[in-house]
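Got a structure for you, questions after.
Quick note on labels: first sequence line is chain A, next is B, and so on, each numbered from 1. The basis for the numbers below is simple: all heavy atoms, side chains too, and nothing from hydrogens, waters or symmetry mates.
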Amino acid sequence: MDKFILIDGNSIIYRAFFAMPPLTNSKGLHTNAVYGFTTMLLRLLEEHKPTHVMVAFDAGKVTFRHEGYQEYKGGREKTPPELSEQFPLLKELLQGFGIAQFELAGFEADDIIGTLTKRADEAGRQVLVVSGDKDMLQLASENVHIGLTRKGVTDIELYDPAQIKERYGLTPLQIIDLKGLMGDASDNIPGIPGVGEKTALKLLHQFGSVEEVLNGTGELKGKMKEKIEAHAEDARMSKQLATIHREVPLEQTWEDMQFDGLKEELAGPALAKLEFKSLLERLSFRASVVSEQEAVPAAAVESSIATEETISELFSSLESIDVLHVETHGDNPHQAKLIGLAVGSAGIYTFLSPELLQSDAAAPVREWLGNADQPKRGYDLHRVDLALHAHGIEFAGASFDVQLAAYLLDPTESNQTISGLTTKYGLPSLVEDDSVMGKGAKYRVPEADILGDFLCRKAAAVAAIIPLQEQALESNEMNALFHELEMPLSRILADMEKQGIKANTADLQALGSEFEENISRLMAEIYKLSGTEFNLNSPKQLGEILFDKLGLPVVKKTKTGYSTDAEVLEKLAPYNDVVKHILQYRQLAKLQSTYVEGLLKEISDKDGKVHTFYRQTIAATGRLSSQFPNLQNIPIRMEEGRKIRKVFVPSEPGWSILAADYSQIELRVLAHISDDERLKEAFVQDMDIHTKTASDVFGVKPEEVDGDMRRSAKAVNFGIVYGISDYGLSQNLHITRKEAAQFIDQYFEVFQGVRRYMDDIVKEARQDGYVKTLLERRRYLPEINASNFNLRSFAERTAMNTPIQGTAADIIKLAMVQMDEALRERKLKSRMLLQVHDELVFEVPADELELMKELVPSVMEKALELSVPLKAEVSYGENWYEAK
DNA sequence: TATATCACG
DNA sequence: ACGTACGTGATATAT
């Protein structure tokens with residue numbers, strides 16, 4: 001028998017706040033109300049063993065109650081900030097507990113619960129409602145029992161209709177009348193002045209309801225009669241206000257509240273983050289977080305500052321050292337400054353200044369850093385590798401990167417800093433970088449004693465974090481992903497970045513002059529046609545010219561004013577010739593500023609190359625991203641922009657640029673994970689997937705598919721990968737939503753396996769709170785159960801897209817690791833230079849060209865075996881443009 | 001520092 | 001009824 005618990009979140013957290021003594025965590029956040037709430041919740045879970053749990057929250061400042069009575073809840077003290085700051089903490093904790101949270105704009109928590117209990121009555125479900133508000137008694141029935149907090153929060157008194165009768169002599173519905181007569185100071189509901197609980201009960205026992213009391217005043221006498229007659233209207237309104245609304249348009253169902261028990265890997269960190277150590281212990285959750293911290297308290301970090309004299313002591317023990325922290329400054333690791341180095345193990349760390357590190361005396365330390373056989377654990381070792389390299393020091397042997405592990409454990413966590421991680425794992429907190437060094441223009445490297453101590457503490461924190469992450473990786477089955485894919489890849493990326501790709505400065509400048517001419521010409525023409533000179537780069541000024549001065553129709557608005565993006569301009573083009581010129585100007589201005597001027601700045605004086613930096617811990621799906629400059633968005637779609645690719649050339653004479661890209665990797669991945677027979681068949685036969693889709697969806701032979709049909713099918717395929725919606729597709733194809741919906745329906749009719757996948761993956765996300773790729777990469781989707789339609793829909797599309805995009809990312813990463821091995825094994829001179837999501841770019845000497853033309857696609861295609869073949873297409877030429 | 005725009009997969 | 005396609009980074013203004 002299912003057992004449901006519905007909790008009035010707002011009521012309980014208020015109760016808890018006032019019932020608990022103040023409590024703050026190490027960051028100074030108040031946590032007492034969350035603590036009280038949690039103890040109550042754990043008790044409920046233990047005592048009632050519910051199968052379904054839900055916590056309802058008030059949403060929106062104005063509820064329907066305010067419409068009739070503006071003073072509703074007026075006079076109530078504003079929620080103290082010490083409590084407000086705890087709402088997000090509570091919600092995050094509940095997320096970690098896997099407990100559903102419902103809220104609905106314009107309604108209060110008790111209305112949501114009222115609606116659900118009505119449904120429960122209709123369906124005969126056993127429900128326990130928990131609140132601190134006596135009003136809830138009006139919901140009681142045979143099926144619905146009410147638990148009210150007594151004194152604190154953990155002590156809960158249960159009521160069913162019989163117990164209400166016994167206590168008050170009233171039926172549940174009469175509880176509303178009770179409040180109508182006596183009012184409620186906390187909600188600013190007036191009732192009848194002078195009528196308290198005693199009088200109200202007496203009146204109700206005599207008359208039965210507010211209405212009958214008001215009708216029967218003849219039977220009363222004296223002061224009482226006067227007061228009731230004078231405040232009849234107040235009583236009626238009060239009753240109305242006290243009535244819980246039981247028909248809110250709630251979308252969620254009972255299944256959305258399913259509770260599968262606390263999962264240590266989710267609930268543990270959530271509790272640890274709040275520093276609820278006693279609760280962790282009570283749940284006997286692995287000291288994941290508690291005992292480790294006692295093993296390495298920050299206070300016990302022994303730090304010293306190495307000098308030329310003491311360094312010999314250090315290198316006598318270097319072999320046993322496996323933790324280091326290298327502090328750098330500057331976003332671009334190729335140009336980062338070295339601030340200092342801390343190395344050590346087991347709580348004893350030594351600081352080396354950059355000067356010392358470069359001294360003759362430190363030669364053994366540098367040898368140690370470059371020795372691949374000496375394992376090293378630390379934070380952001382990819383950046384460390386590049387920064388050291390830029391200062392002539394080689395780095396090898398990275399065995400555990402804390403930042404990379406943190407990314408795999410939660411790729412959307414925005415605070416991946418060491419300090420953020422100590423907080424997350426309930427370790428002794430670390431001072432923030434900013435407060436030691438300052439930030440931005442205020443950045444200052446502190447004196448050696450302070451800096452040394454700080455960096456040693458960071459190293460110690462890294463050492464303390466690692467065992468916790470190892471445990472988490474283990475329980476998430478991510479060991480292979482971490483040790484065999486991401487860690488090796490990190491070194492490969494560093495190699496690619498150090499290698500860089502040659503860019504021809506003169507050609508780029510020539511291209512710039514060509515663009516410049518056209519830009520000037522277009523500017524002059526635009527100023528002439530519009531009759532004004534203005535800053536064309538300012539969307540604001542452009543908007544004023546187009547819409548105010550020239551009176552063109554407004555198609556779309558941004559939150560700050562008129563929208564002037566390309567989509568809008570396309571629509572305006574027929575009205576005025578100036579618009580076409582603006583579109584062309586925009587295109588060239590983009591090429592000029594980002595790709596000519598921007599790229600020129602990034603070409604190194606030293607080697608004439610561009611050294612990008614791949615970020616391995618940013619994209620939520622597992623993709624890489626590229627910075628300084630971004631080499632993953634070099635133009636290709638438009639010929640003008642594509643010319644930029646001509647400047648990327650081999651770094652040695654006679655070599656070629658060779659590029660290989662996966663064909664339709666995302667749809668192939670989809671075919672595999674959805675196991676859709678039709679989609680798989682298409683790839684087994686190596687058909688043109690968009691034509692095939694069109695022929696299936698429109699029910700015509702492949703040779704009868706025309707350009708429009710193929711274009712539509714292509715858009716549908718894209719939509720499918722992105723997590724389709726009729727609206728999105730309609731925008732893309734410039735058709736109505738209805739037509740788009742029809743396309744989608746027809747698509748799913750044909751590709752039923754895909755439909756099943758889309759349904760299942762969303763269910764899975766709801767259940768687990770995350771989705772996974774083939775290689776067990778995870779992405780948490782905390783908003784999958786949100787009551788806000790937009791948030792929830794977004795999470796649903798993400799649930800559909802992430803396994804596809806993420807598995808494709810897994811595959812090309814595998815290919816990169818295997819390709820690196822293949823090049824080494826064969827002792828080839830060819831070098832892997834770039835990755836562009838589904839494409840790998842190499843530079844290849846002439847005598848290896850024939851081999852590489854076979855080897856690269858072969859490795860890519862075999863990177864991971866799926867139920868459909870993977871296909872990689874290779875091309876080469878004198879530059880990146882020709883390798884198409 | 002935020003917003004709008006646009007380059008890529 | 002709700003209002004968006006998924007994932008990034010760089011550039012220019014405007015604040």
Handout entry: Whole-Å gap separating C1' (B:dC8) and CD (A:Gln627)
Key =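 From A:Gln627 CD to B:dC8 C1': 15 Å.
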
Problem - Rounded C1' spacing from B:dC6 to C:dA1 in Å - result: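 My reading of the C1' atoms in B:dC6 and C:dA1 gives 33 Å.
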
Handout entry: Nearest-0.5 Å distance that lies between atom CD in A:Glu525 and atom CG in A:Asn518
Key =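 That separation rounds to 12.5 Å.
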
Exercise for the section: Please find the earliest and latest nucleotides of DNA chain C, in the 5' to 3' direction, that have an atom within less than 4.0 Å of any heavy atom of chain A. Expected result: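 Extent of the interface on DNA chain C: C:dA1 to C:dA14.
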
Exercise for the section: Using atom CG of A:Leu536 as one end and atom P of B:dT5 as the other, report the distance to the nearest whole Å. Expected result: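 Distance check: A:Leu536 CG to B:dT5 P gives 14 Å.
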
Handout entry: Between C1' of B:dC8 and OH of A:Tyr595, the distance in whole Å
Key =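 Atom-to-atom, A:Tyr595 to B:dC8, this comes out as 6 Å.
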
Exercise for the section: Check the distance between B:dC8's C1' and A:Ile634's CD1 and give it to me in whole angstrom. Expected result: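 Taking CD1 of A:Ile634 and C1' of B:dC8, I get 9 Å after rounding.
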
Problem - Greater than 12 external heavy atoms within 6.0 Å of A:Lys643's NZ - result: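 Correct, the count exceeds 12.
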
Problem - Euclidean distance for P, C:dC2 against B:dT5 (whole angstrom) - result: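 Going atom to atom, P in each nucleotide, I get 24 Å.
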
Handout entry: Within 6.0 angstrom of A:Phe718 CZ, more than 12 heavy atoms from elsewhere
Key =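 Not more than 12 within 6.0 Å, no.
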
Problem - NE2 on A:His734 to NZ on A:Lys571, rounded to 0.5 Å - result: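 Between atom NZ of A:Lys571 and atom NE2 of A:His734 there are 5.0 Å.
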
Problem - Contact under 4.0 Å: A:Arg586 side-chain N or O vs B:dC6 OP1/OP2 - result: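 Answer yes for this pair, as a side-chain N or O of A:Arg586 is under 4.0 Å from OP1 or OP2.
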
Problem - Heavy atoms of other groups near A:Glu517 CD, more than 12 under 6.0 Å - result: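 Open.
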
Exercise for the section: To the nearest 0.5 Å, tell me how far A:Glu247 CD sits from A:Arg119 CZ. Expected result: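 Reported value, rounded in 0.5 Å steps: 8.5 Å.
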
Problem - Aromatic plane relationship, A:Tyr770 with A:Tyr780 - under 30° parallel, 30 to 60° tilted, over 60° perpendicular - result: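 If you compare the ring of A:Tyr780 with that of A:Tyr770, the planes turn out perpendicular.
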
Exercise for the section: Answer yes or no: is there a side-chain heavy-atom contact under 4.5 Å between A:Leu670 and A:Glu666? Expected result: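 Not touching, per the 4.5 Å side-chain cut-off.
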
Problem - Atom pair distance, as rounded to whole Å: CZ in A:Arg645 and P in B:dA7 - result: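 Interatomic distance, CZ of A:Arg645 to P of B:dA7: 13 Å.
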
Practice task
Taking atom C1' in both C:dA5 and B:dA2, compute the distance separating them and give it to the nearest angstrom.
Solution key: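 Looking at atom C1' only, C:dA5 and B:dA2 are 24 Å apart.
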
Problem - N or O in side chain of A:Arg637 less than 4.0 angstrom from B:dC8 OP1/OP2 - result: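 Looking at the OP1 and OP2 atoms of B:dC8, one of them is under 4.0 Å from a side-chain N or O of A:Arg637.
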
Practice task
Can you measure from CD1 (A:Ile492) to NZ (A:Lys813) and round to the nearest 0.5 angstrom?
Solution key: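 It comes to 11.5 Å.
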
Practice task
Measure the CZ-CG distance between A:Arg710 and A:Asp688 for me, rounded to the nearest 0.5 Å.
Solution key: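 Those atoms lie 4.0 Å apart.
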
Exercise for the section: Applying ring pair (Phe, Tyr, Trp, His ring centres under 6.0 Å), name anything that partners A:Tyr747, two or more places apart in sequence or on another chain. Expected result: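 Expected list: A:Phe751.
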
Exercise for the section: Look at the aromatic rings of A:Phe613 and A:Phe628 and report parallel, tilted or perpendicular, splitting at 30° and 60°. Expected result: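 Ring orientation of A:Phe613 relative to A:Phe628: parallel.
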
Exercise for the section: Output yes when a side-chain donor or acceptor of A:Thr773 lies under 3.5 Å from a complementary backbone atom of A:Thr807, and no otherwise. Expected result: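 Here the side-chain-to-backbone pair does not exist.
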
Handout entry: Close approaches to DNA chain B from residues 556-572 of chain A, in residue order (heavy atom, under 4.0 Å)
Key =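 The stretch gives A:Thr558, A:Lys559, A:Thr560, A:Ser563, A:Thr564, A:Asp565, A:Ala566 as the residues lying under 4.0 Å from the strand, ordered by number.
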
Practice task
Note every stem involving DNA chain C: at least three consecutive Watson-Crick or G-U wobble pairs, i with j then i+1 with j-1, with both distances under 3.5 Å.
Solution key: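 Correct response: B:1-9 with C:6-14.
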
Exercise for the section: For DNA chain C, find the residues of residues 792-809 of chain A with a heavy-atom distance under 4.0 Å and give them by number; none if there aren't any. Expected result: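 Heavy-atom contacts with DNA chain C come from A:Phe794, A:Arg797, A:Thr798, A:Asn801, A:Gln805.
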
Exercise for the section: For A:Leu591 and B:dA7, give me the distance from atom CG to atom C1', rounded to whole Å. Expected result: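 Rounded to whole Å, this separation is 9 Å.
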
Problem - Residues in contact with DNA chain C, drawn from residues 609-620 of chain A - heavy-atom cutoff 4.0 Å - result: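 Per residue number, the list reads A:Arg615, A:Ile618, A:Ala619, A:Ala620.
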
Problem - Interatomic distance, A:Asn415 atom CG to A:Asp410 atom CG [nearest 0.5 angstrom] - result: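 If I round to the nearest 0.5 Å, the distance is 11.0 Å.
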
Practice task
Scan A:Gly723 against the nucleic acid and name what it touches under 4.0 Å (heavy atoms): base, sugar-phosphate only, or nothing.
Solution key: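 Touches nothing.
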
